[in-house]
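Single-structure report; data block below.
Chain naming here is simple, since letters A, B, ... match the order of the sequence lines and numbering starts at 1 in each.
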2 protein chains.
Amino acid sequence: MNLRQDVHTAGIPVLCQACEARHRGVCGALDSDQLVALAKSSSKQTIVSGAELVGDMETVDHYSNVLAGVVKLTKTLSDGRQQIVGLQFAPDFLGRPFKTESAVNAEAATNVSLCSFPKAAIERMLKQSPELEHRLLRQTLKELDEARDWMLTLGRKTASEKVASFLLLIANHIDPTMNEGEEKVTFDLPLTRADIADFLGLTIETVSRQLTKLRADGVISIENNRHVTVARRERLEARAGH
Amino acid sequence: MNLRQDVHTAGIPVLCQACEARHRGVCGALDSDQLVALAKSSSKQTIVSGAELVGDMETVDHYSNVLAGVVKLTKTLSDGRQQIVGLQFAPDFLGRPFKTESAVNAEAATNVSLCSFPKAAIERMLKQSPELEHRLLRQTLKELDEARDWMLTLGRKTASEKVASFLLLIANHIDPTMNEGEEKVTFDLPLTRADIADFLGLTIETVSRQLTKLRADGVISIENNRHVTVARRERLEARAGH
DNA sequence: TTCAGCTCTTGATCCAGGTCAATTCGCGCC
DNA sequence: GGCGCGAATTGACCTGGATCAAGAGCTGAA
């Protein structure tokens with residue numbers, strides 16, 4: 001009856017479970033026939049942290065759904081200065097339609113699980129399915145909103161506001177069930193200090209000092225360099241500069 | 001025969017000439033019937049420099065095509081620090097589909113000529129016309145690319161690189177016919193020093209000092225505070241930090 | 001023409017965050 | 001356990017750009 005369910009239970013690579021569960025991603029937009037066709041050409045893969053997914057200027061031959069983990073999108077100046085221009089969390093879509101080569105470098109910030117399909121397959125379906133294009137538009141608008149929020153942070157916030165904003169951003173993405181009322185929040189940082197610095201337009205040292213200050217002030221605590229507990233969310237929000 | 005032409009020559013507000021001429025905007029995507037319907041509810045208007053088009057958090061009830069001039073999109077922190085997060089040039093589309101209120105403030109940076117339609121009319125057509133949604137997706141992807149480029153500038157470039165990058169950005173948008181080979185380029189700055197500072201995440205004074213330096217080094221000259229001549233484009237590019 | 005109200009420039013000083021340089025921590029490996 | 005190595009912290013110092021403060025240049029109105 002439910003062919004989509006059949007596709008998954010039949011052992012064809014997991015294509016949509018992650019996306020559909022959270023009402024994003026590309027797959028909910030397809031009918032059963034399209035889904036089967038796509039599933040046949042798709043492949044689930046696991047990427048180890050640090051591995052490069054798409055090089056800058058490289059030809060992109062496939063698109064992916066992020067099923068788990070975090071992918072960072074970076075841009076680099078010729079002298080090596082680097083800026084993270086986007087973070088993709090599950091179930092985001094990864095890839096730039098209508099362009100053959102990428103303007104950014106995509107790298108696994110954590111271990112990442114992906115479901116990829118050949119570019120040609122997606123673009124064929126884009127032409128057939130307005131609903132798929134609609135989803136892509138919605139995700140792109142969301143990414144644009146996030147990018148613009150971040151431009152305010154990069155251009156106008158102080159180092160301590162930047163770090164507080166970053167922690168809130170991660171907290172919101174990692175645990176979307178967390179509601180405003182919660183006092184304590186706990187999560188693992190998906191980025192190293194170097195990555196955080198590249199995201200915030202700061203140096204490693206400044207990030208470290210600001211985290212130390214937040215710890216000293218009792219706003220957060222950190223175990224093993226990664227596991228963060230936010231003691232009181234409101235205090236962090238106050239420091240993020242609203 | 002050609003109804004689209006008829007619409008324009010019949011004196012119905014200019015809807016598409018600007019867009020079609022440069023293959024962007026919303027109108028080329030519509031068939032004749034849709035175009036007539038839209039033209040009836042559209043209105044051409046002129047906005048004086050400095051006027052606010054859409055307030056932050058304000059309900060958006062119409063979308064617009066920018067026919068001439070420059071619109072700046074800004075975000076502001078509670079203490080007044082401001083960041084320009086986007087510049088819309090003709091024939092860009094202005095408005096955020098699928099959201100009732102704007103997350104940014106839109107303001108006319110120069111005198112602006114707009115063609116606006118009610119939100120409801122556009123959204124009705126979005127459902128009918130996949131081609132319209134396709135155009136919107138393309139524009140949104142372009143804006144996302146631009147935002148990400150600018151994040152690198154905001155996060156990692158020095159003040160002098162930022163100013164050089166800004167001049168190149170304006171030069172490219174104002175005169176799209178200008179080719180790489182041209183040595184001299186001339187244009188009017190569409191932004192005040194204060195706007196440039198807000199765009200670059202700098203202060204007015206720093207922008208002014210960097211422009212003075214570029215003038216002293218013979219890279220540019222400026223008349224009446226607005227009219228810029230780039231003596232040698234390559235030297236400006238070298239300073240933009242590639 | 002003069003004046004008012006701006007925008008822009010220039011100078012002097014200050015400080016947030018960068019740079020350079022040790023440690024120290026965490027973790028896998030022998 | 002001890003060792004090695006990359007990641008993180010911490011300290012001392014420096015500097016690019018902010019801040020504060022005059023002044024100069026445009027523009028428009030009377």
- Query: Looking for any heavy atom pair under 4.0 Å, which part of the strands does S208(A) touch: base, sugar-phosphate only, or nothing?
  - Reply: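 Base, at least one base heavy atom under 4.0 Å.
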
- Heavy atoms under 4.0 Å, any strand shown: does L202(A) hit a base, just sugar-phosphate, or nothing?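 Sugar-phosphate contact only.
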
Rounded to the nearest angstrom, tell me the gap between atom [atom1] in [X] and atom [atom2] in [N].
| X | N | atom1 | atom2 | result |
| --- | --- | --- | --- | --- |
| R193(A) | dT24(C) | CZ | C1' | 14 Å |
| N225(A) | dT9(D) | CG | C1' | 9 Å |
| L211(A) | dA8(D) | CG | C1' | 10 Å |
| K162(A) | dA16(C) | NZ | P | 14 Å |
| E161(B) | dG17(D) | CD | P | 9 Å |
| I222(B) | dG25(D) | CD1 | P | 15 Å |
| R81(B) | dT19(D) | CZ | C1' | 14 Å |
| L200(A) | dG18(C) | CG | P | 10 Å |

- Task: Using the closest heavy atom to pick a nucleotide of DNA chain D for each, name whichever of N224(B) or K157(B) lands nearer the 5' end.
- Result: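 Residue closer to the 5' terminus by nearest nucleotide: K157(B).
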
- Query: D217(B) and salt bridge (charged side-chain N to carboxylate O under 4.0 Å, His left out): which partner among R239(B), R232(B), R235(B)?
  - Reply: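 Output: one option passes, namely R239(B).
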
- Item | Donor + acceptor pair across side chains of S116(A), Q45(A) (<3.5 Å) |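 Yes, Q45(A) and S116(A) have a side-chain donor paired with an acceptor closer than 3.5 Å.
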
- Query: Toward the 5' end of DNA chain C, which comes first, T206(A) or E223(A), by nearest nucleotide?
  - Reply: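 The residue mapped nearer the 5' terminus is T206(A).
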
- More 5' along DNA chain C: S160(A) or E205(A), using each one's nearest nucleotide?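 Result: S160(A).
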
Taking 4.0 Å as the cut-off, does a side-chain nitrogen or oxygen of [X] come that near to OP1 or OP2 on [N]?
| X | N | answer |
| --- | --- | --- |
| T203(A) | dG17(C) | no |
| R226(A) | dA7(D) | no |
| T212(B) | dT10(C) | yes |

- Task: Give a yes or no on whether a donor-acceptor pair under 3.5 Å exists between the nucleobase atoms of dT19(D), that is its base, and the side chain of R209(B).
- Result: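 For R209(B), whose side chain was compared with the base of dT19(D), there is a donor-acceptor pair (under 3.5 Å).
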
- Item | K119(A), NZ: over 12 other non-hydrogen atoms inside 6.0 angstrom |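 Buried by this count: over 12 neighbours within 6.0 Å.
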
- Side chain proximity check, E143(A) to R148(B), heavy atoms < 4.5 angstrom: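 Side-chain contact under 4.5 Å: yes.
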
- Using atom types as modelled and distance alone, determine if a side-chain donor or acceptor of T110(B) lies under 3.5 Å from a backbone N or O of V70(B).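 Such a contact is found between T110(B) side chain and V70(B) backbone.
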
